[in-house]
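What you are looking at is a predicted structure, and each value in this text was computed from that prediction instead of being measured. Below, chains carry the letters A, B, ... as their sequence lines are ordered, and counting in each starts from 1.
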Amino acid sequence: MMLPDLFATDREKIALDPGAWLLGDFALDEASALLAEIARIAAQAPFRHLETRTGGTMSVAMTNCGDAGWVSDRRGYRYTDDDPLSGQAWPAMPSQFRDLARRAAETAGFPGFAPDACLINRYAPGTRLSLHQDRDEARHDAPIVSVSLGVPARFIWGGQQRSDRPRRHNLFHGDIVVWGGPARLTFHGIDMLRKAHHPETGDLRFNLTFRRARLPNLA
DNA sequence: AAGTTCCA
DNA sequence: CATG
């Protein structure tokens with residue numbers, strides 16, 4: 001509707017910046033199936049709280065699927081082929097994930113997106129993710145595709161410099177944000193999650209973040 | 001600073 | 001107590 005995103009995004013396509021779009025409700029029809037896949041992945045590669053280089057602990061719980069998974073520990077940030085907890089490869093990326101990410105990217109003007117990594121974030125009440133860039137990927141020509149599920153959150157959308165004043169947008173169950181090209185390294189984050197209830201996730205929010213982490217980006 | 005704490 |  002004409003009203004800003006107070007309660008729902010209602011399949012709007014909102015331009016955040018050149019190369020950055022909020023696709024309201026884009027994944028709504030398949031959200032239940034996505035949550036079921038998350039549960040299957042988490043049974044194999046459990047959610048865990050990663051440490052940062054400086055000894056802090058992230059409040060967001062994370063796991064991954066795909067050929068590469070994002071991890072943080074006292075050595076820093078990087079992508080790994082295997083889950084450090086099990087020594088086994090990360091669970092395979094479900095074809096539904098791959099297809100959804102490709103369609104969302106295409107809708108945002110980035111055809112041919114072939115993600116090889118999907119970071120899965122789980123937010124409980126009080127969880128936050130402070131302003132950062134996604135810059136650990138081997139190439140930055142592929143976009144980022146971010147899928148929101150469950151309890152709504154306040155998305156912090158900054159600029160190309162950390163000092164740029166961020167704007168904020170609500171992200172609801174089924175919304176997707178895509179950013180690439182000139183927006184690929186935009187600073188972003190999530191405000192502290194407010195306690196709320198969603199019929200499919202209880203008081204939790206899940207986020208799928210698709211990236212191209214490794215070199216080949218051929219279809 | 002993909003962290004936490006403090007303070008206006 | 002919420003926000004920056």
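When rounded to the nearest whole Å, the span between CD of A:Gln133 and P of B:dA1 equals 10 Å. Atom P of nucleotide C:dT3 and atom CZ of A:Arg165 are separated by 16 Å, given to the nearest angstrom. Summarising the geometry, the separation between CG on A:Leu131 and P on C:dG4 is reported as 13 Å, rounded to the nearest angstrom. Residue A:Arg75 contributes atom CZ, which lies 18 Å from atom P of B:dA2 at whole-angstrom precision. When rounded to the nearest whole Å, the span between CD1 of A:Ile156 and P of C:dT3 equals 11 Å. Rounded to whole angstrom, the span from the CD atom of A:Glu137 across to the C1' atom of B:dA2 amounts to 12 Å. The distance from atom CZ of A:Arg194 to atom P of C:dA2 is 6 Å, rounded to the nearest whole Å. Atom pair A:Asp134:CG and B:dA2:P shows a separation of 10 Å (rounding to whole Å applied).
Of the residues in residues 45-66 of chain A, those lying under 4.0 Å from DNA chain B by heavy-atom distance are A:Thr52, A:Thr54, A:Thr57, A:Met58.
Nearest to the side chain of A:Tyr77, among C:dG4, B:dA1, B:dT5, sits B:dA1. Looking at the side chain of A:Asp136, the nearest of the listed nucleotides B:dA2, C:dG4, C:dA2 is B:dA2.
Taking the side chain to side chain contact (heavy atoms under 4.5 Å, CB included) definition, one finds that A:Arg162 meets it with A:Leu131, A:Phe187, sequence neighbours left out. Remark: A:Ser59 engages A:Thr127, A:Arg128 in a side chain to side chain contact (heavy atoms under 4.5 Å, CB included) (not counting sequence neighbours). Legend: residues meeting ring-ring contact (aromatic ring centres under 6.0 Å, His included) with A:His198, ordered by chain and number and at least two apart, are A:His173. Under the ring-ring contact (aromatic ring centres under 6.0 Å, His included) criterion, A:His140 pairs with no residue, sequence neighbours left out. Under the side chain to side chain contact (heavy atoms under 4.5 Å, CB included) criterion, A:Arg165 pairs with no residue, sequence neighbours left out.
Residue contacts for A:Arg211: at a heavy-atom cut-off of 4.0 Å it reaches a base atom on one of the strands shown. Within 4.0 Å (heavy atoms only), A:Arg135 reaches no atom of the nucleic acid at all.
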Side-chain polar contacts of residues 109-125 of chain A - donor-acceptor pairs under 3.5 angstrom, sequence neighbours left out - could you list them?
residue: A:Asp116; atom: OD1; partner: A:Ala213; partner atom: N; Å: 2.7
residue: A:Asp116; atom: OD2; partner: A:Arg214; partner atom: N; Å: 2.9

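The gap from the P atom of B:dA8 to that of B:dT4 amounts to 22 Å, rounded to the nearest Å.
When the side-chain nitrogen and oxygen atoms of A:Arg128 are compared with OP1 and OP2 of C:dG4, none of them lie within a distance under 4.0 Å.
Other residues, nucleotides and ligands contribute only 12 or fewer heavy atoms inside 6.0 Å of the CZ atom of A:Arg53.
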**OP:** Give the dot-bracket string for DNA chain B, reading 5' to 3', where a pair is Watson-Crick or G-U wobble with both distances under 3.5 Å, ( ) marks pairs inside the strand, [ ] marks pairs crossing earlier ones, | marks a partner on another strand, and . marks unpaired.
**Re:** ......||
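Sorted by first then second residue, the salt bridge (Lys or Arg N to Asp or Glu O under 4.0 Å) pairs that include residues 42-52 of chain A, not counting sequence neighbours, are A:Arg48-A:Asp83, A:Glu51-A:Arg74.
No side-chain donor from either of A:Gln96 and A:Glu37 sits under 3.5 Å from a side-chain acceptor of the other.
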